[in-house]
2 protein chains.
Amino acid sequence: MANQLDAIFSALGDPTRRAVLERLTDEPAAVSDLHGPHNMALPTFLRHLKVLEQAGLVRTHKTGRVRMVHIEADPLAQAETWLQQQRSLWNGRLDRLDALVQQEKDVKT
Amino acid sequence: MANQLDAIFSALGDPTRRAVLERLTDEPAAVSDLHGPHNMALPTFLRHLKVLEQAGLVRTHKTGRVRMVHIEADPLAQAETWLQQQRSLWNGRLDRLDALVQQEKDVKT
DNA sequence: CAATTGGTTAGCCATAATGCTAACTAAATC
DNA sequence: GATTTAGTTAGCATTATGGCTAACCAATTG
């Protein structure tokens with residue numbers, strides 16, 4: 001995937017993965033704990049985790065036989081920034097439209 | 001796809017589609033104009049547009065033989081809201097951690 | 001040290017996504 | 001009315017994604 005944003009947004013485009021992130025905003029958790037509520041085989045679930053990890057959205061470290069997973073705020077912020085930029089450009093456009101309308105009004109009076 | 005967010009985030013997870021949206025924040029455009037800068041066959045590009053449309057990110061209407069495409073702000077806002085919620089929960093958690101640390105300090109003094 | 005627990009690896013299958021070309025329709029223009 | 005232009009539809013090939021089972025390793029626990 002070319003862009004970092006590709007990986008981030010793609011990762012977010014799956015309900016299982018978003019649910020994992022939602023859970024992780026609360027506190028870090030072990031792989032099995034995260035797996036618990038999701039009705040799928042563990043290896044399948046593990047691959048979702050790997051997608052999140054490769055997008056940089058979570059990090060993990062293993063101690064003993066337990067792997068702990070914690071959320072990483074930065075990539076979420078990146079995604080948010082892109083969206084905000086779109087909105088601000090969009091708003092800028094609306095402002096310019098507004099200005100045009102004003103101009104029209106001014107001409108007519 | 002279960003959730004609306006699935007469709008939105010998945011659609012955003014592709015550089016061509018994000019580029020189209022970036023272009024459309026400026027002003028609406030015809031299909032061919034949008035296609036111009038992208039090095040792919042028109043039918044392929046059309047399918048990207050369809051993905052954006054099904055996610056509600058753009059709307060189109062055809063007049064004569066030209067189909068105009070314009071951006072739709074709402075779904076972008078939805079995505080942004082989800083990200084903001086995650087961040088605010090995350091911040092809440094940091095605040096609680098902070099409180100714990102403070103408590104520790106207080107106990108020690 | 002045997003059994004359990006937590007996680008991992010490998011391999012398979014089905015479906016969806018992304019790219020293409022070829023052939024077509026319908027509107028605009030010459 | 002013939003030609004060009006804008007878009008559409010159909011069909012094909014390749015790769016990515018999301019699910020599974022089976023077999024395995026390594027750390028705990030009994």
Side-chain angles (χ1 to χ4, degrees), chain A residues 1-24 27-71 75, chain B residues 1-21 23-24 27-71 75 79:
Chain A
M1 255 173 297
N3 200 317
Q4 178 74 7
L5 280 179
D6 291 4
I8 296 170
F9 279 125
S10 300
L12 293 176
D14 176 283
T16 301
R17 294 194 287 259
R18 281 201 312 283
V20 167
L21 290 178
E22 283 168 12
R23 160 100 195 249
L24 287 177
E27 55 178 351
V31 166
S32 320
D33 291 349
L34 289 172
H35 174 227
H38 298 283
N39 189 26
M40 63 180 66
L42 183 56
T44 304
F45 183 75
L46 255 177
R47 289 236 303 289
H48 282 296
L49 276 187
K50 201 166 287 178
V51 170
L52 287 172
E53 197 168 7
Q54 283 180 346
L57 285 160
V58 304
R59 274 197 215 166
T60 74
H61 56 105
K62 196 171 182 177
T63 60
R65 65 184 169 177
V66 174
R67 180 176 295 280
M68 292 298 289
V69 186
H70 61 96
I71 201 172
Chain B
M1 255 174 296
N3 198 316
Q4 177 75 8
L5 280 179
D6 291 3
I8 296 170
F9 279 125
S10 301
L12 294 177
D14 176 282
T16 300
R17 295 193 287 259
R18 283 201 310 284
V20 167
L21 290 178
R23 160 97 195 249
L24 287 176
E27 55 178 350
V31 166
S32 320
D33 291 350
L34 289 172
H35 173 228
H38 298 284
N39 190 27
M40 62 180 65
L42 182 57
T44 304
F45 183 75
L46 253 178
R47 288 236 303 289
H48 281 295
L49 277 187
K50 202 167 284 177
V51 169
L52 288 172
E53 196 168 7
Q54 282 180 347
L57 286 160
V58 304
R59 272 196 216 167
T60 75
H61 55 107
K62 196 171 180 177
T63 60
R65 65 184 169 176
V66 173
R67 180 175 296 279
M68 293 298 289
V69 185
H70 62 95
I71 202 171

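Nothing here was measured: the structure is a model prediction, and the numbers come from that model. So that the names make sense, note that chain A is the first sequence line, chain B the second, and so on, each numbered from 1.
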Separation of atom [atom1] in [X] from atom [atom2] in [N], rounded to whole Å:
X	N	atom1	atom2	answer
Lys50(A)	dG19(D)	NZ	P	15 Å
Lys62(A)	dC25(D)	NZ	C1'	9 Å
Asn39(A)	dG18(D)	CG	P	17 Å
Leu49(B)	dG19(C)	CG	P	13 Å
Leu34(A)	dT8(C)	CG	P	12 Å
His35(B)	dT18(C)	NE2	P	16 Å
Leu42(A)	dA23(D)	CG	P	17 Å
Leu46(B)	dA10(D)	CG	C1'	14 Å

Side chains of [X] and [Y]: closer than 4.5 Å at any heavy-atom pair?
X	Y	value
Leu21(B)	Leu12(B)	yes
Leu24(A)	Leu34(A)	yes
Leu5(B)	Arg18(A)	yes
Val51(A)	Arg17(A)	yes

Side-chain-base donor-acceptor pair under 3.5 Å for Arg65(B) and dA27(C): yes
Let me have the donor-acceptor pairs involving side chains of residues 57-64 of chain A, under 3.5 Å, with sequence neighbours excluded, atom names and distances please.
unit_1	atom_1	unit_2	atom_2	d
Thr60(A)	OG1	Glu53(A)	OE2	3.2
Thr60(A)	OG1	Arg67(A)	NH1	2.9

Stepwise side-chain contact (heavy atoms from CB on, under 4.5 Å) test for Thr44(A) and His38(A): CA-CA 10 Å; Thr44(A) 304; His38(A) 298 283; over 6 Å; no
Position toward the 5' end of DNA chain D (nearest nucleotide), Phe45(A) or Thr63(A): Phe45(A)
5′-ward residue of the pair Arg17(A)/Gly64(A) relative to DNA chain D: Arg17(A)
What's touching nucleotides 1-3 of chain C from the protein side, N or O pairs under 3.5 Å?
none

Nucleotide nearest [X] when distance is taken to its side chain, options [options]:
X	options	result
Val66(B)	dC20(C), dG6(C), dA6(D)	dA6(D)
Pro43(A)	dG19(C), dT21(C), dT9(C)	dT9(C)
Arg47(A)	dT8(D), dG11(C), dT8(C)	dG11(C)

Phosphate-side-chain proximity, His48(A) and dG19(D), N/O vs OP1/OP2 below 4.0 Å: yes
dC20(C) phosphate, OP1 or OP2, under 4.0 Å from Thr44(B) side-chain N/O: yes
Which residues share a ring pair (Phe, Tyr, Trp, His ring centres under 6.0 Å) with His35(A), sequence neighbours left out: Phe45(A)
